[in-house]
Amino acid sequence: MQKLRFFFLLMLLPSLLYSQQLTKIIIRESEFIKIDNISKITHIKKPVFEHDGAILTSDSARLWQELNYFEAFGNVHINQDTINIYSDLLNYDGNAKMAHLINKVRMSDPSSLLTTNVFDYNMATKVGIYMDNGKIENRKEGTTVTSKKGYYLSSTKDAYFRHNVKVVTDSVTITSDSLRYNTFSNQTYFYGPTDIKGKNDNLYTENGEYNTKTKKAFFGKKNLYTQGTKSLKGDSLYYDGIKGYGKAVKNITYNDTQDKLLLKGQLGEYFKEGERIIVKINAYVGMGSSDSVTVDGKLIPDTLWLGADILEAERSLQKSLSLIQKPTVLQDDEIGVEEEKPKTDALAPNKQPLEASSSAKPTAPKVASKVSAKQSKKDQAKEKAKKDKAPPPDSLETKLDSVKRLADSTSLDLNIVIKKDSLTKDSLLTSKQALIKDSTKLDLSKKVPDKKDTSKVAPNKAAITNPKAPVSLTKPIAVKDSLPFNPADTVRTRTIKAYHNVRVYKTNLQAKSDSLFFTAADSTLRLYKNPILWADSSQQTGDTIHVQFKDKKINSAQVIQNAFIADQETDTTKFNQIKGKIITAFFNKGEIRNMYVDGNAESISYDKKKDGQYQQNQTLSARIKITFEDKEISIIKEVKGIEGTFSPPNKVPKEGLLTGFIWKPELRPKSKNDIIKGNTIKAPDKDKVASPKPKVPQKTTTKKPVTTVKKA
């Protein structure tokens with residue numbers, strides 16, 4: 001409002017200055033003139049007036065020469081430089097240089113056209129005013145502005161609008177209470193509540209500017225951007241509509257009610273392509289889940305809160321992601337993956353984590369057994385009979401048969417590239433890679449011995465040059481039209497990346513790491529570089545940690561490579577410890593129920609006797625199963641290749657620690673506030689073994705003794 005008052009003052013000031021320089025209205029031409037000596041009025045037909053360089057014409061007019069004033073009727077036309085004004089009636093005061101035009105008023109210049117019914121125009125300042133609805137059209141861009149009141153400055157091409165302002169362009173419609181528009185630069189300025197509505201989005205602001213040509217915008221007060229179920233708030237917003245790039249500063253809030261995603265921070269960037277948003281400075285995100293927590297006697301959704309120095313959310317092509325299958329328990333307490341229909345379109349070669357390609361680390365390979373869980377004894381007998389009839393091991397037929405059986409294998413996908421951080425040393429994986437390597441040495445151009453006459457088989461160049469390619473023994477690879485269009489290739493899914501000082505808090509789970517990746521396609525949190533996971537009273541560490549959700553409830557957690565779990569005995573410096581290659585934990589109703597350790601599993605556990613003394617059990621086995629009750633370790637069962645020692649209470653070592661042990665309770669997020677505040681968490685030094693400290697008891701309860709079960 002103060003800006004508009006200042007504008008009115010500037011508009012009137014030149015008028016006061018010019019009023020001292022009076023010039024007479026001159027009649028240049030006419031068809032008929034009649035002077036009334038009594039009233040001193042001159043009646044003129046088809047007059048052509050000139051005043052200070054401006055030409056004024058009409059069908060007829062009445063002139064008061066002493067007053068320097070005239071009235072014009074019919075086809076009124078005012079020409080001043082490049083400005084042309086038309087109307088049906090005109091009252092013109094030569095002393096004030098003010099033109100009052102009535103009915104069908106049109107004012108045009110090279111770039112714009114103004115239309116209204118009543119218009120006042122100052123010939124000295126070149127400022128026009130309408131008070132009862134008007135419209136300005138930008139001829140070059142096709143932009144129109146309508147309002148109840150308007151002020152047009154012809155010299156600067158600026159127009160001020162008040163009340164019921166509406167701007168219409170080919171891409172947006174703007175409604176506002178107070179607005180300024182420049183018809184030359186196409187710049188629009190907002191001074192009050194304003195809505196900018198696009199084809200499928202809307203932006204509200206109370207102060208800002210927008211260029212209808214360059215599509216660049218800046219908004220500085222009470223900003224809210226909405227698109228479907230998504231919304232973005234920020235104290236200051238900048239957006240380039242052509243580039244599809246935006247920036248938000250201070251108190252940023254991004255909310256997606258469909259995905260149940262809330263993202264906050266103090267500095268953000270937005271990229272329309274992929275709906276990508278990057279947030280820094282106190283950045284954190286909340287993801288809704290189906291788990292519930294009781295607060296003040298009421299069940300409320302248990303949101304997962306994630307904080308980091310940098311957070312990035314976008315929608316990525318699902319086929320470009322390496323998805324992780326959910327682990328499950330097979331026969332003999334072995335860990336495998338849930339059997340699903342092949343989704344070749346959703347898998348791609350693995351890439352390094354947290355790169356621009358949004359790839360994630362591969363799934364740890366399934367721990368294979370010699371006999372499948374579903375294989376019957378009858379099937380085993382058939383397989384044995386086949387082996388007895390098999391050709392000699394050095395024959396070409398044997399090698400070809402090995403390759404066929406390898407291609408039909410279901411335990412591993414030969415197209416997936418296994419990275420260093422997965423179990424590449426697993427015996428099954430190593431043997432299959434060796435078979436692939438051997439297959440490339442075969443001379444496939446030779447005729448295969450068979451009862452039937454076979455033609456020459458062309459060498460499979462793809463298999464030779466690229467061992468990872470599927471092996472074909474009968475037909476050459478079809479190149480043209482071999483992969484028809486699949487609509488699933490266009491499916492996009494929500495992904496979240498977090499960099500540095502990553503913190504995770506959920507009522508039943510907490511974690512920290514240096515970086516993190518999540519995709520809704522497999523509902524898996526992947527934590528990289530010195531990750532630590534806390535669940536109930538246990539702490540888990542390893543090279544990589546996967547936390548998977550099913551139906552928006554926590555389903556499992558898997559620690560890959562150098563996996564370690566520690567649990568402290570109450571009021572002591574003694575720790576129950578378990579380590580191995582992979583640790584897999586399964587949850588039920590938000591609590592850990594079972595945990596499996598595979599690959600050189602070692603454990604140290606303590607049993608508390610009635611006299612308060614502890615006995616120590618230390619074992620080494622291929623696999624360990626841990627059962628939890630009331631959020632604490634209840635049973636430890638060793639499976640296969642068991643070696644162990646038992647230390648009675650009088651010979652228990654002071655501090656029995658396995659190699660790789662660390663204990664960092666001070667890094668554990670205690671609440672949602674630890675995520676929001678952005679407290680810096682330093683990564684633990686894995687080369688240094690932490691000195692155990694007594695744990696302060698939360699409640700005076702007696703911990704249940706750990707039962708150790710050995711299974712040959």
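Here the closest heavy-atom approach between residue S87 and residue I102 is recorded as CB-O, 3.8 Å. Nearest heavy-atom pair, T194 versus S176, reported as atom, atom and distance to 0.1 Å: OG1-OG, 2.9 Å. Heavy atoms only, all atoms of each residue included: S236 and F218 are closest at CB-CE1, 4.3 Å. Closest heavy-atom contact between G288 and T303: N-CG2, 4.4 Å. Between T205 and N223, the shortest heavy-atom contact is OG1-OD1, 2.7 Å. The two residues Q266 and N251 have their closest heavy-atom pair at OE1-N, 3.1 Å.
Atom NZ of K230 is surrounded by more than 12 heavy atoms from other residues, nucleotides or ligands within 6.0 Å. Applying the 6.0 Å contact sphere to CZ of F271 captures more than 12 heavy atoms from other residues, nucleotides or ligands. Enclosure of atom NZ in K34 is not indicated, since only 12 or fewer non-hydrogen atoms of other residues, nucleotides or ligands lie within 6.0 angstrom. Residue-environment remark: CG (D551) stays at or below the threshold of 12 foreign heavy atoms within 6.0 Å. For N91, the CG atom counts as densely surrounded, since its 6.0 Å shell holds more than 12 non-hydrogen atoms of other residues, nucleotides or ligands. More than 12 non-hydrogen atoms from other residues, nucleotides or ligands lie less than 6.0 angstrom from CD of E31.
Residues D201 and L203 have side chains not in contact (no heavy-atom distance under 4.5 Å, counting atoms from C-beta outward). Side chains of L321 and F517 form a contact here, defined as non-hydrogen atoms less than 4.5 Å apart. You'll find the side chain of F32 stays beyond 4.5 Å of the side chain of H43, heavy atoms only. Residues D514 and V502 fail the side-chain proximity criterion, which asks for heavy atoms closer than 4.5 Å. Considering only heavy atoms from C-beta on, L261 comes within 4.5 Å of I496 through its side chain. No side-chain heavy atom of S154 sits under 4.5 Å from any side-chain heavy atom of Q80.
Here S112 pairs with D109, Y152 under the side-chain hydrogen bond (donor to acceptor under 3.5 Å, both in side chains) rule; sequence neighbours left out. Every ring pair (Phe, Tyr, Trp, His ring centres under 6.0 Å) that Y92 has, sequence neighbours left out, goes to H51, F70.
Ion pairing between E275 and R492 fails under the 4.0 Å rule for side-chain N and carboxylate O. For D52 and K97, the salt-bridge test passes: some basic side-chain N is under 4.0 Å from an acidic carboxylate O. A salt bridge links D59 and K46; the closest N-O separation between the charged side-chain nitrogens and carboxylate oxygens is under 4.0 Å.
Side-chain atoms of N186 and N211 include no donor-acceptor pair closer than 3.5 Å. Between the side chains of T169 and T212, not a single donor N or O lies within less than 3.5 Å of an accepting N or O.
If you take CZ on R503 and CG on L306, they are separated by 8.0 Å, rounding to the nearest 0.5 Å. The CG atom of L101 sits 9.0 Å away from atom CG of L89, with the distance rounded to the nearest 0.5 Å. Taking CD1 of I252 as the start and NZ of K247 as the end, the distance is 10.0 Å to the nearest 0.5 Å. Taking CD1 from I242 and NZ from K216, the interatomic distance works out to 8.0 Å, rounded to the nearest 0.5 Å. Note that CG of L153 is 6.5 Å distant from OH of Y160, once rounded to the nearest 0.5 Å. Here the straight-line distance linking atom CG of D235 with atom NZ of K222 works out to 11.5 Å at 0.5 Å rounding.
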| message | Please determine whether side chain to side chain donor-acceptor pair (under 3.5 Å) holds for the pair S147 and Y130, giving the CA-CA distance in whole Å, both sets of side-chain angles, and the decisive distance to 0.1 Å. | response | CA-CA 9 Å; S147 67; Y130 63 83; 2.7 Å; yes
| task | Let me see the working for D195 and N202 under side chain to side chain donor-acceptor pair (under 3.5 Å), right down to the final yes or no. | result | CA-CA 7 Å; D195 277 300; N202 187 77; 3.2 Å; yes
| task | Could you check Y121 against V105 for side-chain contact (heavy atoms from CB on, under 4.5 Å), going step by step and ending with a plain yes or no? | result | CA-CA 11 Å; Y121 182 71; V105 181; over 6 Å; no
| Full working for side-chain contact (heavy atoms from CB on, under 4.5 Å) between T143 and T188 | CA-CA 11 Å; T143 302; T188 307; over 6 Å; no
| query | Does the pair F119 and L114 meet the rule for a side-chain contact (heavy atoms from CB on, under 4.5 Å), with working shown? | reply | CA-CA 10 Å; F119 188 64; L114 182 152; 4.0 Å; yes
| request: Go through the steps to decide whether D240 and K215 satisfy the test salt bridge (charged side-chain N to carboxylate O under 4.0 Å, His left out), and finish with yes or no. | output: CA-CA 6 Å; D240 188 325; K215 305 296 189 288; over 6 Å; no
| query | T183 and E141: side-chain contact (heavy atoms from CB on, under 4.5 Å), yes or no, with the steps? | reply | CA-CA 9 Å; T183 58; E141 302 300 326; over 6 Å; no
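A donor-acceptor contact shorter than 3.5 Å links the side chain of N182 to the backbone of F184. At least one donor-acceptor pair closer than 3.5 Å links the side chain of T493 to the backbone N or O of A521. Proximity of a side-chain donor or acceptor of T116 to a complementary backbone N or O of N133 within less than 3.5 Å is detected. Here the side chain of N68 pairs a donor or acceptor atom with the backbone of T23 at under 3.5 angstrom.
Between W305 and Y505, the ring centre distance reaches or exceeds 6.0 Å.
Below 30°, between 30° and 60°, or above 60°: for Y86 and H77 the angle between ring planes is below 30°, a parallel geometry. Using bins of under 30°, 30° to 60° and over 60° for the plane-to-plane angle, the ring pair F219/F190 lands in the parallel bin.
For the pairing with S178, the side-chain hydrogen bond (donor to acceptor under 3.5 Å, both in side chains) check across R162, H163, E206 returns one residue only, R162.
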